[in-house]
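Residue numbers begin at 1 in each chain, while the letters A, B, ... track the order of the sequences. Everything quoted here is computed from the prediction, not taken from an experiment.
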Amino acid sequence: MRNKKINIQNLFFSIIYLIFSLIIFYLLYTKKYLNFVTPKSFKYLIFMEIIIVLFFIMELKSIFDITRNINPLSSLSIIIPLLLFIYPDIGIDTEHLNTKYSIENININNKNNTNKIYQGETMTFTISEENAPTLTEANMSNSFFEKKQLTGLDDINKTISISDNEFYDWITTIFANQNKYLGYTITVNGLVFKDNTYMKENQFVPARLLMTCCIADTAPAGLIANYNDTNKLNNGDWVKVTGKLIQGDYNGQKGLIIDVNNISEGNKPEQEYIYPK
Amino acid sequence: MRNKIPTYTVLGFIDSGKTTFINSFLNDSQKIYGVIQFENGDINVHKQDNVKILNIPFREITKNISYTSEKIFSFIKENNFNEIWIESNGIMPLNTLNKIFFNKFNSYNNIAEKLDFRKTIFITDSRLKSFIKSTDNEIITDFILNSNLAYVINNDENTKKLLLNINNKIKIKNIETIKSSIYKPFSINHIKPIAIILSVVVLYCILYYIPKNNIIIPINTIITLLSGIILQSFPFLLLGIIISSCIQIFMPTNFLDKYFPKDPILGIIFAAAIGICFPVCDCATIPVFRGLIKKGLPISSAVSFMIATPIINPIVILSTYNAYNGDLRIVFLRCGLGFLAALIIGLIFHILKTKNILKESEILSLNCKTYFKNNDSNIIKLLKHTQGEFLDVAKYLILGALISSIIQVYLSKINWSATTYSTLSSILIMMSMGFLLSLCSSSDVIIAKGFGNNFPFISILSFLIYGPMIDLKNIILLSESFKKKFIFQLTAIITIVCMAIILFLNFL
């Protein structure tokens, strides 16, 4: 049905599709989508972008049509996400994470890792122990170094300075080779994660947040740190921690922890979240 | 050139009283009225001097549309009408009417340039329901969808409800108010949506300026969570809707009859097993479920498909396998029990013989006439159908995501380790957690592992099985097209079956 009059509704829909597709493009182009979802979502978002652009073209072609059966209120399905995506202050407060800090977090999606590092009594996942791949420390580290040579290691001075990009790889490596790295001094940048239900008063984690699927499932990961002035630190602040790796315990489990020598102000890495493969 | 002539279209099935209705408007002796009738009603229009009638029999249109167009054009040209009334019945589709009036085939350009189509009024009596149930319902549904006003002859409440079910924008008037509504230049219909959309924007602006680190309501955390869930699930929702639209448009009507197992039990097993080739999460399976139900798949099979897919699909298998460091036992437990539960639930629905689970408005759009016209090409049909369904469904997804992100923020404040729980209560806690958090089935393993330190494994397993099957977000998504009774039934059955399986396992 065609006449010369512009159908305001169709015009309106084509405009919001256009804005929506531009915003998705912006999120993808500036990599800001990584604040919400993982790099895995890139292809899905491209797919969505294509469909939305097709919707836009279709609506644009029909702005002279007379009839329209779609409830204009349905445009909220596009308008609300559109407004949400441009909200300036995105970011999640660490105290609202549903997954509390757990040694388990570091093992998430990492097949190369040995299953139980901390042998505690409170572990409930006893089922997995029998079937866990038995990897010796030697071939563990081999398989790691073959894959990716980690930087920042100084065997002579026994120091490890962990760069932001290698946080996850380093933490998993240290977890898997605890005897080897005992006594090393490490420097790591992370956000303060305190949890007074599991941790002692002088403990916190210089943590990074792992995102597996989307922001709703982020989980903190990192090494426990002993620091006497922990109560002076604020949850969620970025800190640079330097300290010696010593044998310690967390929530009844034995393992390596950082004995902090020095804390300075850290900075938020370019890529705030870690996306385990 | 003179102004366009105000034109009113009256639609309705035969003998619904359209002519009587039009007669009641032809009483201004100052005006010259033109009445174009596409039928011969029982009651003829009053033969007054200021009323000119053009009667067009249906068979004439079927022979030559251009001839009809020309006839109408000269009818309008020869008389100096102040007002034109068009009357058409349920034999002729709206599409044909459009073709006549917007015909560019003839040399006269089109008639529509002379006319100002102001209102379309649908007239009916209580027979509407039986008319819609008959095979020819598309024409009538199309009428209702394209009318601004409706007039129900004997004021029957059920008919009114049915009308609103089909087109919630339609204004139903009685004989006293319809006159003023017809002549009112701007319809109030447009104001309500505009007001709601504006208020959403205003609310957003308020949120924009509120202190961000609010302790009571952590707005930025909620918005971030919500955006994350939306960005994560929208592509999958779209994918699911495209699959479901393909089912609606391209799958031949007898396809399921031909290829789907006829034996109901075999059908349930088959439907549950298909899930293994659907790498989608629960947001995508619900539109597909709806599409399958509309295509006439037995409810028992469709339900077992919907329940099994989010658990046994490849992505979920892989993420579970990874999260538990390649522990196949957990993968088998999760997928096996999920599959078993889907079969049992499908069987229960088979025994219950549940019927009519779709809302009335959904039954009417069975043939997708609401989203596109018949003469659209297939790809446009697919796009329009996808768009229509997406817009309808996505707002429910957003609502579900909003509720679950708010719950997530407040649940995170609970200190789970403060008390120890019995097996039963920990199962209950984890199941309600799975229900309320409404996580995507491919990532819920992570959350489950986080709880692992405080809860026994059996309760984590209940979370992993029950969560993807039904949760708050799914219920809100389902409520878009299914009856409340069915959703309640489904939730109850899933909950009971999952509980039973988990408790039985615990007993072993």
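Contact annotation for A:Leu76: both backbone and side-chain heavy atoms come within less than 4.5 Å of a heavy atom of chain B. For A:Ile24, the part sitting under 4.5 Å from any heavy atom of chain B is the side chain, from C-beta outward, and nothing else. Contact annotation for A:Leu83: both backbone and side-chain heavy atoms come within less than 4.5 Å of a heavy atom of chain B. With a 4.5 Å cut-off on non-hydrogen atoms, A:Ile16 does not touch chain B at all. If you measure heavy-atom distances from B:Phe234 to chain A, the contacts under 4.5 Å come from both the backbone and the side chain. Contact annotation for B:Ile242: only side-chain heavy atoms (C-beta onward) come within less than 4.5 Å of a heavy atom of chain A.
Comparing B:Ile230, B:Ile223, B:Val200 by heavy-atom pairs within less than 4.5 Å of chain A, the highest count is held by B:Ile223. When B:Leu237, B:Ile398, B:Ile222 are compared by the number of non-hydrogen pairs under 4.5 Å with chain A, B:Ile398 comes out ahead.
Looking at A:Asp237, its side chain never comes within 3.5 Å of a backbone N or O of A:Val192 through a donor-acceptor pair. A donor-acceptor pair under 3.5 Å is formed between the side chain of A:Ser77 and the backbone N or O of B:Lys395. A distance-only check finds no donor-acceptor pair linking the side chain of A:Ser14 to the backbone of A:Glu59 [under 3.5 Å]. The backbone N or O of A:Lys40 lies less than 3.5 Å from no partner atom in the side chain of A:Tyr275, so there is not a single donor-acceptor pair. Judged by distance alone, with hydrogens and angles left aside, the side-chain atoms of A:Lys194 form a donor-acceptor pair with the main-chain N or O of A:Leu233 at under 3.5 Å.
Applying the ring-ring contact (aromatic ring centres under 6.0 Å, His included) test to A:Tyr44 and every residue at least two apart in sequence or in another chain returns B:Phe236. Listed by chain and number, the residues in a side chain to side chain contact (heavy atoms under 4.5 Å, CB included) with B:Ser233 are B:Ile229, B:Cys283, B:Leu397 (sequence neighbours excluded). Checked against side chain to side chain contact (heavy atoms under 4.5 Å, CB included), A:Lys268 has the following partners two or more places apart in sequence or in another chain: A:Trp238, A:Glu272.
The interface of residues 25-33 of chain A with chain B, defined by heavy-atom distances below 4.5 Å, comprises A:Leu27, A:Tyr33.
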